[in-house]
Trainee: 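Below is one structure. I have some questions about it.
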Amino acid sequence: MTTLAPQYDPSAIEAGTYRRWMDSGIFGAAVDTDRRPYVIVIPPPNVTAVLHSGHGLNNTLQDVLIRFERMRGRETLWLPGTDHAGIATQNMVERMLKKEGKTRQDVGREAFVERVWEHVHRTGGTILEQLKAIGCSCDWSRTRFTLDEEYSLAVRKVFVSLHEQGLLYRGQRVIHWCPRCRTSLSDEEAEFVDQDDHLYYIKYRLIEGDDADDESRSYVTVATTRPETMFGDVCLVFHPEDERFQKWLGATVEIPLSGVRIPIRTSTVVERDFGTGMLKVTPAHDANDFDIADALGGFERPITMDEDARMEDDPRVPEQLRRLDRFDARKKILELLETAGQLERVDPYSHAVRQCYRCETIVEPRLSDQWFVKMRPLATPALKAYRDGRLRFVPERWGKVYEHWLMQIRDWNISRQLWWGHRIPAWYCEQCDHITVAMEEPASCEACQGSVRQDEDVLDTWFSSWLWPFATLGWPDETADLKAFYPGHTLVTGPDIIFFWVARMVMAGYHFMGDTPFETVYLNGIVRDPLHRAFSKTLGNGIDPMDVVEKFGSDAFRFTLVAGAAAGTDVIMDRNDLDGTFAAGRNFANKLWNIGRLIVANLSDGATPTGSIDPAHLELADRWILSRCQRTISSATDQLERFRLNDVANEIYHFVWDDLADWYIEQVKPRLYGNREGGDTARGVLCHVFETALRLLHPIMPFITERLWEGLPGTQRGLLAASTWPSPTQEFEDDEAENRFARVQSLVGAVRAVRAEYGVAPGKLVGARVQPANTDALEAFNAEQNTIERLAKIGELSMDGGETGGVGAHQVLPDGSSVFVPLGDAIDVERECKRLNGELERLEKQLSGVASKLANENFISRAPAEVVDREREKERSWQEQREALAAKLRVLGC
RNA sequence: GGGCGAAUAGCUCAGUUGGUUCAGAGCGCCUGCCUUACAAGCAGGAAGUCGGGGGUUCGAAUCCCUCUUCGCCCACCA
């Protein structure tokens, strides 16, 4: 046992404590055990990420669950790792290159990928070290990376199997194209953002017949938000039942500026009330238009913009517009249309456009060849799992979001035109049309033995992360890990990736493993600033968890997050007020520390070994705290099982601070000091209760509890992290003791209130006479004399002081009993009267001031209403104060 | 356009099946205390028409309707 410093210094113990856990190997999961497994896979952070508060919250919650289940005796596996995060990481390295004035094309694919690996090897995995700093008890021996060689094998295996099963195909579709990242994106990666925009009404010249190139031309007006796409138009369509346009069915119009001629057709997709009721169809640059043109049949799909979203160098595009960026082109086109008199009007129009989720560039719909996964067959079991209750969400409402998405799921574009990621295992024949899909590079084309070249693209990052729960365990091999730890149990993540990741993991889990990868999805909230904005790098409003750990300790950080975040609710943190934000956790850690110090200081001589408390010697306060302790155990266990982690934190907090520190410890102090009667019992109970509190608190505050645990007496107690969660039993539950102690508390509270009110000096004893409301209460009070006297010994209260009748104050207790607190001997009545009279005088002066103000017509009529109200409020509160003072003076008889 | 959520003390938020325990917590504020575990503390205190309105009920912060204000998600009216 070592001595403890008066103030808790987390930095002095945390690193060493973590090392002891690591050395003991308790974070490692064993496969050869009878214990029931409990598995969480970490949401793998980007390999180049540094820890932010969101990670802090997410991983703390996981660690709380893991440590809780570990202490409950389950074989826990918390599997850590990182994600290669295709676009994000590639962008990061591209930005680095840019500083050197280079692009990835300049350095070439191989050198670029080499460069990314270098970066990953140099700075990657920083975040994992930071997770250790906040106490995460992952099984680090099983750390995985989504680009590990074994992991890549799983990814290829999945690609090949899906292909064999007919669930994977290469198709030409209009996909979301990010011209900045120069890659296609899935629907989920192209997020909606509202934009104030314009609707342009453009006049297409009507060609009456083949030879109608005369001046009797009329126009058809079409509304569009993207005039720059019009060179890719293949027809105009209106609703087949729209009377207005019937006469033009089959007619030909000319695309403005380019003069390309296109027909007018019909489609039921058209909304008659929108725009002019006439829609331009651009199959290569709009997904809907693609479908319309496809349904009509027989149209080309001209691509009129290149990969950088510049107007294509193509005969369809007027020469002066070629190579222009799409938005510059739009401006130019509008000018030209205006000049030509073909811009009928421009309406303001706000709508949602899609942008790249990584760089926020507006995406351009673009026709291209991509690999797609047929999702509907995969979605079916994932939906069923939710509906059958095999998979549940906390909070429940997210389940509906999950369900809705799966019901309207569309095929998943998994090709990315990037260099960083899993290269698509498909090889194209140079001679024939055959595509060879295989685990390893084929020597030649399967069909014709021609030479082959591999697909240039890589796979969507999420195409590897959706395998995380089983690919990390060695799949497709039938490893011992896989057998032992699949399916897992809880997934803790943010609601923002329900579609990207959660739903897809469930689909992959059922498809490849035949079971859900986890039973419960716990969605944590988002960490926000005081203006409720999410933390972001660009806003600079975030809090670096490492700063907090350094300043207040990991436990303060963790406690604040856990206590402050009910499931699914956001956590507010103010980077400009770290002290305020983390006060609860920091103060609580210090409180624990000092309870520990008191115990250590008083336990050295003759502590009763924990667990051998003799019921016969227990006093009321002992029975009370043991009962409260037992209830806290039951309740905390229950709340933890229901994922109400904030309730767990707050309940233990109040038990430790209010019950243990403020009442029990104050009550037993007299027994603790020296060799008093009952001292050993008090020490035994105190030790037991505190030890229990440490166990309960350990999952939330692992460092300080481990250190304090180490300081408690008892040989070979081992690590708290490897110890057990207190079992919820009824052993010490004692309603009677709780009720009776509650009466003591109310009595003591009443006396304290009187003391504060009348300025009784600290340390000065006052007496109290209780007139119990009924015989039950009378008995109870008589039985509690002992306890009350104990409290009296700390200098606040005695039951025998004071004269009946004399000067004193009455207080009514919740049970109806009344307390009389004689004050004659405790205060200098004369002086107190003088003081109170002085106060009263001052109040009267203030009151007459405000009264005359309020009587002043000018004031009432001219001053702003809220000022008048404020004065009225003042008057009211001063009048109340006057009443209170008068009452006090009456009590004191002056 | 559809859906979900939120509105409770100055601030950030709890409040589970409608009922003594419901009007709470932390921070902040006011008063008094350096009491031998802790001033990162102790004791006491002020502070809220539970967003507005209506309804159900013996009883509503809680259930229903409606309005207002915010936030999020989904969506092929270009």
Side-chain angles (χ1 to χ4, degrees), chain A residues 4 6-8 174 187-188 191-192 199-200 222-226 229 237 269-282 286-292 349 351-352 365 395 397-398 400-401 404-405 408 410 495-496 498-499 526 528 530 532-534 552 556 560 563-566 568-574 577 579-602 639 642 644 646-647 650 653-654 657-658 661-662 665-666 669 672-673 742 748-749 751-757 759-763 794-796 814 877 880-881:
Chain A
L4 304 175
Q7 257 203 356
Y8 175 51
V174 174
D187 294 337
E188 292 69 36
E191 53 188 28
F192 282 101
L199 200 50
Y200 304 98
V222 174
T224 181
T225 53
R226 295 192 299 147
T229 62
V237 288
V269 174
V270 179
E271 293 285 334
R272 276 173 277 182
D273 299 334
F274 188 88
T276 60
M278 187 70 82
L279 170 67
K280 66 193 251 331
V281 177
T282 321
D286 187 290
N288 302 318
D289 292 3
F290 178 94
D291 292 340
I292 295 171
Y349 182 60
H351 63 146
R397 65 187 138 90
W398 291 112
K400 278 181 276 183
V401 175
H404 179 251
W405 186 74
Q408 54 91 60
R410 281 168 296 176
D496 50 329
I498 289 179
F499 308 145
I526 296 169
R528 298 177 182 279
H532 288 211
R533 299 174 304 186
F552 308 121
T560 303
T569 65
D570 295 344
V571 187
I572 309 294
M573 295 193 159
D574 187 355
D577 183 19
D579 283 288
T581 301
F582 296 98
R586 178 200 56 182
N587 296 355
F588 187 42
N590 196 48
K591 193 65 174 177
L592 280 169
W593 187 255
N594 278 293
I595 295 171
R597 289 181 66 215
L598 172 112
I599 291 176
V600 167
N602 288 287
Q639 305 280 36
R642 296 159 63 195
R644 303 186 62 100
N646 62 318
D647 288 334
N650 287 312
Y653 173 94
H654 286 291
W657 202 311
D658 301 349
D662 287 351
I665 287 180
E666 293 308 324
K669 270 178 180 173
L672 242 38
Y673 297 147
V748 171
V751 174
R752 282 176 180 169
V754 171
R755 295 177 62 97
E757 197 119 338
V760 178
I794 63 171
E796 289 191 327
S877 112
E880 268 175 26
Q881 284 179 43

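Lettering of chains follows the sequences in order, A, B, ..., and the numbering in each one begins at 1.
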Trainee: Separation of A:Asp662 atom CG from B:G41 atom C1', in whole Å?
Mentor: 10 Å
Trainee: If you measure from the P atom in B:C70 to the same atom in B:A60, how many Å do you get, rounded?
Mentor: 31 Å
Trainee: B:G3 and B:C29: how far apart are their C1' atoms, nearest whole angstrom?
Mentor: 42 Å
Trainee: Looking at B:A43, does its base get a donor-acceptor pair with the side chain of A:Glu757 below 3.5 Å?
Mentor: no
Trainee: Round to a whole Å and report the spacing from CD of A:Glu666 to C1' of B:U35.
Mentor: 9 Å
Trainee: Respond yes when some side-chain nitrogen or oxygen of A:Arg410 is under 4.0 Å from OP1 or OP2 of B:A75, and no when none is.
Mentor: yes
Trainee: Determine the interatomic distance between C1' on B:A25 and the same-named atom on B:G15; round to the nearest Å.
Mentor: 10 Å
Trainee: For A:Phe499, answer base if it contacts any base atom (sugar-phosphate contacts may also be present), sugar-phosphate if it contacts only those atoms, and nothing otherwise; contact means non-hydrogen atoms under 4.0 Å.
Mentor: sugar-phosphate
Trainee: Just call it for A:Ala223: base, sugar-phosphate, or nothing, with non-hydrogen atoms closer than 4.0 Å on any strand.
Mentor: base
Trainee: Kindly indicate whether the side chain of A:Lys591 and the base of B:C38 share any N or O donor-acceptor pair separated by less than 3.5 Å?
Mentor: yes
Trainee: Which base, if any, makes a Watson-Crick or G-U wobble pair with B:G41, both distances under 3.5 Å?
Mentor: B:C33
Trainee: With a cut-off of less than 4.0 Å, is there a side-chain N or O of A:Asn587 near OP1 or OP2 of B:G41?
Mentor: yes
Trainee: Base, backbone or nothing for each nucleotide of nucleotides 11-18 of chain B, written B, S, -, heavy atoms under 4.0 angstrom, 5' to 3'?
Mentor: -SSSSB--
Trainee: Taking only the C1' atom of each, what is the distance from B:A75 to B:G48 in whole angstrom?
Mentor: 41 Å
Trainee: Describe the nucleic acid contact of A:Ala589 in one word from base, sugar-phosphate, nothing, applying a heavy-atom distance below 4.0 Å.
Mentor: nothing
Trainee: For B:C70, what is the paired nucleotide under Watson-Crick or G-U wobble rules, both distances under 3.5 Å?
Mentor: B:G5
Trainee: Which value, in whole Å, describes the distance between the C1' atoms of nucleotides B:U62 and B:U56?
Mentor: 13 Å
Trainee: B:A75, OP1 or OP2 - any side-chain N/O from A:Gln408 closer than 4.0 Å?
Mentor: yes
Trainee: Mind calculating the distance between CD1 (A:Ile599) and P (B:C38) to the nearest angstrom?
Mentor: 14 Å
Trainee: Taking for each residue the nucleotide of RNA chain B with the nearest heavy atom, is it A:Trp405 or A:Asp289 whose nucleotide lies nearer the 5' end?
Mentor: A:Trp405
Trainee: Check the distance between B:C27's P and A:Asp579's CG and give it to me in whole angstrom.
Mentor: 12 Å
Trainee: For A:Ala563, report the nucleic acid contact type (base, sugar-phosphate, nothing); a contact means any heavy atom under 4.0 Å.
Mentor: nothing
Trainee: Would you measure the distance from the P atom in B:A14 across to the matching atom in B:U8 and give it in whole Å?
Mentor: 11 Å
Trainee: Mind checking if A:Phe588 touches a base, just sugar-phosphate, or nothing, with heavy atoms under 4.0 Å?
Mentor: nothing
Trainee: Which residue, A:Thr225 or A:Asp187, contacts RNA chain B at a nucleotide closer to its 5' end, judged by nearest heavy atom?
Mentor: A:Asp187
Trainee: Give the nucleotide from the list B:C76, B:A37, B:G41 with an atom nearest to the side chain of A:Lys669.
Mentor: B:A37
Trainee: Using the C1' atom in both, what is the distance from B:G10 to B:C22, to the nearest Å?
Mentor: 22 Å
Trainee: For atom C1', what is the distance between B:A61 and B:G24, given to the nearest Å?
Mentor: 12 Å
Trainee: Can you tell me the Watson-Crick or wobble partner of B:A14, both distances under 3.5 angstrom?
Mentor: none
Trainee: May I ask which nucleotide in the shown strands pairs with B:C22, Watson-Crick or G-U wobble, both distances under 3.5 Å?
Mentor: none
Trainee: Look at all strands and tell whether A:Asp574 reaches a base, only sugar-phosphate, or nothing, counting heavy atoms closer than 4.0 Å.
Mentor: nothing
Trainee: Given B:A25, B:C42, B:A37, which nucleotide is nearest the side-chain atoms of A:His654?
Mentor: B:A25
Trainee: Is B:C63 paired to anything, Watson-Crick or G-U wobble with both distances less than 3.5 Å, and if yes, which nucleotide?
Mentor: B:G55
Trainee: Pick base, sugar-phosphate or nothing for A:Arg528, based on heavy-atom distances below 4.0 Å to the nucleic acid.
Mentor: nothing
